[in-house]
Amino acid sequence: MPFMRELDLLRQEVEQCKRCDLYKARTNVVFGDGNPEAKIMLVGEAPGYYEDKKGLPFVGSAGKLLDTLLGEIGFDRRDVYIANVLKCRPPNNRDPNIDEIERCSPYLFAQISYISPKIIITLGNHSTRLLAETDTGITKVHGKIFKKGDKIIMPTFHPAACLYHPEWLKLLREDLAKIPFLLSD
Ligand code: URA
């Protein structure tokens, strides 16, 4: 597996991270999970309560929804790699701040370079702003294709937001249904 060792060393580094204050309250660093050779990477915002407890991304209710939606297009976690912009939980699940994103995002960029996915799905505004480099809100930009070097970036809704907005859930489902076509392009 190319870059497996680098990814492991990076995980060890992130597990010791004190680049911002979020380390003080964390139970676990949430580095990322899934197949490090995946062609599809999904990038959320930051760990929540259950992710912090388990050290794994998207294991709460938003994660269950994500698993269901991936299942509908024939994928499970072994087919994708899932990470977040922040590796530690912000208190009370508040939004990541600019300073935290600046300090933590080099880890995400390193993960992307080691995993080298063909497609990156950004879930919600934070990962979209960082990776698709657009300030356009997710309701307008979801489902659009951005090409960055050899990568395809497709923003879509954050599954947590869709738990309470059936109209967004429908759009999230439609966006994710594009993944098999993007893969075979
Ligand atoms: N929301 C996120 O953005 N990431 C997680 O891992 C869980 C919930």
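Whatever order the structure lists ligands and atoms in, that order sets their numbers, starting from 1. Treat the numbers as computed from the prediction; the structure is a model and nothing was measured.
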A.B. asks: Can you spot which of D76, L65, L42 makes a side chain to side chain contact (heavy atoms under 4.5 Å, CB included) with L70?
C.D. replies: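 With L70 as partner, D76, L65, L42 yield a single side chain to side chain contact (heavy atoms under 4.5 Å, CB included), made by L42.
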
A.B. asks: Within a distance under 4.0 Å of any heavy atom of G44, pick out the atoms of ligand 1 and give their elements.
C.D. replies: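 Numbered from 1, ligand 1 contributes 3 (O).
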
A.B. asks: Begin from the C-alpha positions of W168 and I138 and carry the test side chain to side chain contact (heavy atoms under 4.5 Å, CB included) through to its verdict.
C.D. replies: CA-CA 10 Å; W168 291 348; I138 204 68; over 6 Å; no

A.B. asks: Using a heavy-atom cut-off of under 4.0 Å, does the side chain or the backbone of E45 touch ligand 1, or both, or neither?
C.D. replies: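 Under 4.0 Å from ligand 1, E45 contributes backbone and side-chain atoms.
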
A.B. asks: Checking Y50 against L56 for the side chain to side chain contact (heavy atoms under 4.5 Å, CB included) test, could you report, in this order, the C-alpha distance in whole Å, the side-chain angles of both residues, the deciding distance, and whether it holds?
C.D. replies: CA-CA 8 Å; Y50 293 103; L56 290 169; over 6 Å; no

A.B. asks: Could you tell me whether the side chain of S184 and the main chain of F181 form a donor-acceptor pair under 3.5 Å?
C.D. replies: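 Yes.
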
A.B. asks: Would A46 count as a contact of ligand 1 if the rule is a heavy atom under 4.0 Å away?
C.D. replies: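 Distance cut 4.0 Å: A46 passes for ligand 1.
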
A.B. asks: Should you measure from each heavy atom of P57, which atoms of ligand 1 turn up under 4.0 Å away?
C.D. replies: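 So the answer, numbered in order with elements, is 6 (O).
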
A.B. asks: Would L7 end up clustered with L9 when hydrophobic side chains under 4.5 Å apart are linked, directly or stepwise?
C.D. replies: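 The answer is no; the residues belong to distinct hydrophobic clusters.
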
A.B. asks: Just to check, does H158 reach to within less than 4.0 Å of ligand 1 when the distance is taken from its heavy atoms?
C.D. replies: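 For ligand 1, residue contact (heavy atoms, under 4.0 Å) with H158 is present.
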
A.B. asks: Starting from atom 4 (N) of ligand 1, locate the nearest protein heavy atom and write down its residue, its atom name and how far away it is, to 0.1 Å.
C.D. replies: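 Checked against all protein heavy atoms, atom 4 (N) of ligand 1 sits closest to N84 OD1, 2.8 Å.
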
A.B. asks: Does atom CZ of F146 have more than 12 heavy-atom neighbours from other groups under 6.0 Å away?
C.D. replies: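 Check passes, neighbour count above 12.
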
A.B. asks: Can an N or O of F58 be found at a distance shorter than 3.5 Å from an N or O of ligand 1?
C.D. replies: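 It does: an N or O of F58 is found under 3.5 Å from an N or O of ligand 1.
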
